[in-house]
Q: 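Below: one structure in structure tokens.
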Amino acid sequence: MAELYVKPGNKERGWNDPPQFSYGLQTLAGGLKRTPLTKRVAASQDGSPRVPTSQTSTGLPPMGPTPPVSKAPRPPPVGSCPASSVEPANFSVTESETLLEDVLKPLEEALEDCRGHTKKQVCDDISRRLALLQEQWAGGKLSVPVKKRMALLVQELSGHQWEAADDIHRSLMVDHVTEVSQWMVGVKRLIAEKRNLSSEEEANEEKSTDTAEENHMVPGV
């Protein structure tokens, strides 16, 4: 009678002993064996399965979709700028500044016109002053306002505007005396000599015209 209360699997135990359950039966009843938490692989954020470390260490390519390649243009490196914005450092300066030859050449031509009509000593002194002008201009010792006013002075001198040229000379002596004092005396003398020469030429032309008219009026000439 007591054998009826003995649980299956252990016939030597009494009726009041607790039954012993098989570990294998428990695992079968609980389903498939679960993976220990220490070996669990977490899923990636994009939903693609992760490859275990044992597979990636063999050199095989990872499974899953390839991440999209961004087609956005890369920013230019720091310190670089577009080629169109790069300009030579002296490009704009060269255009804005007055050229030395544009000022010196008309002055030298005016001096040559005066030779033969003016004393040699006076012409030599003017030539020496113009050489100082050229030296200081080429050496960068003259400011931009002085160069611009000299360009205007030369224009007035070439156009026989003696009063305007002399006014520019006086303004330079007042405003920039430290820059122009060494050679402006020669420019002033050149303006005066050129003015005198022009007056003589005009007087000679008027005299020649009057003589021609008188000869034309005399009968038989």
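What you see is a predicted model, and the numbers here were worked out from it, not measured in a lab.
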Q: Are L197 and L111 connected, step by step, through hydrophobic side chains (Ile, Leu, Val, Met, Phe, Trp, Tyr) whose heavy atoms are closer than 4.5 Å?
A: no

Q: When you measure from the side chain of T118 to the backbone of C114, do you find a donor-acceptor pair of N or O atoms at a distance under 3.5 Å?
A: yes

Q: Measuring from Q161:CD to E163:CD, what's the distance to the nearest 0.5 Å?
A: 9.5 Å

Q: Any chance you could measure K194, atom NZ, to L157, atom CG, to the nearest 0.5 Å?
A: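 The CG atom of L157 is 7.0 Å from NZ of K194, to the nearest 0.5 Å.
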
Q: Within a 6.0 Å radius of atom CZ on R195, are there more than 12 heavy atoms belonging to other residues, nucleotides or ligands?
A: yes

Q: Should K188 and D166 count as an ion pair when the cut-off is N to O under 4.0 Å?
A: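 Salt bridge flag = no for D166 with K188.
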
Q: Please answer: with hydrophobic residues joined when any side-chain heavy atoms are less than 4.5 Å apart, are L133 and V185 in the same cluster?
A: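 No, separate clusters.
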
Q: Closest approach of Q134 and L100, non-hydrogen atoms and distance?
A: CG-CD2, 3.8 Å

Q: Which distance, rounded to the nearest 0.5 Å, do you find between the OG of S198 and the CD of E200?
A: 9.5 Å

Q: From E112 CD over to C123 SG, what is the distance, rounded to the nearest 0.5 angstrom?
A: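 Here the interatomic distance stands at 8.5 Å.
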
Q: Work out which heavy atom in W183 is nearest to a heavy atom in R129; give both atom names and the distance.
A: CB-O, 3.2 Å

Q: Near E109 CD, under 6.0 Å, is it more than 12 heavy atoms from other residues, nucleotides or ligands?
A: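 Yes, the 6.0 Å shell around CD holds more than 12 heavy atoms from other groups.
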
Q: I'd like to know whether D175 forms a side-chain contact (heavy atoms from CB on, under 4.5 Å) with V146, so could you lay out the CA-CA distance, the side-chain angles of the two residues, the decisive distance to 0.1 Å, and finally the verdict.
A: CA-CA 9 Å; D175 298 336; V146 171; over 6 Å; no

Q: Is there a path from L132 to L130 through hydrophobic residues (I, L, V, M, F, W, Y) whose side chains come within less than 4.5 Å of each other?
A: yes

Q: Determine yes or no for a side-chain-to-main-chain donor-acceptor pair under 3.5 angstrom, with E179 supplying the side chain and S143 the backbone.
A: yes

Q: Could you work out, with side chain to side chain donor-acceptor pair (under 3.5 Å) as the rule, every residue matching D125, not counting sequence neighbours?
A: R128

Q: With side-chain contact (heavy atoms from CB on, under 4.5 Å) as the criterion, how do L107 and M150 come out once you've worked through the C-alpha distance, each side chain's angles and the decisive distance to 0.1 Å?
A: CA-CA 10 Å; L107 294 177; M150 282 301 301; 4.2 Å; yes

Q: Locate the shortest heavy-atom distance separating T98 from K147; write the atom from each residue and the value.
A: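 It is OG1-O, 4.0 Å.
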
Q: State the CD-CD1 distance between Q155 and I168, to the nearest 0.5 angstrom.
A: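 The CD atom of Q155 sits 8.5 Å away from the CD1 atom of I168.
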
Q: Can you list every ring pair (Phe, Tyr, Trp, His ring centres under 6.0 Å) pair that touches residues 111-169, not counting sequence neighbours?
A: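 Ring pair (Phe, Tyr, Trp, His ring centres under 6.0 Å) check on residues 111-169 returns H160-W162.
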
Q: With sequence neighbours excluded, tell me which residues meet side chain to side chain donor-acceptor pair (under 3.5 Å) with S181.
A: none

Q: Would you compute the distance between atom CG of L172 and atom CG of L152 and round it to the nearest 0.5 angstrom?
A: 9.5 Å

Q: With no hydrogens and no angle check, is any side-chain donor or acceptor of R115 less than 3.5 Å from a backbone partner on K120?
A: no

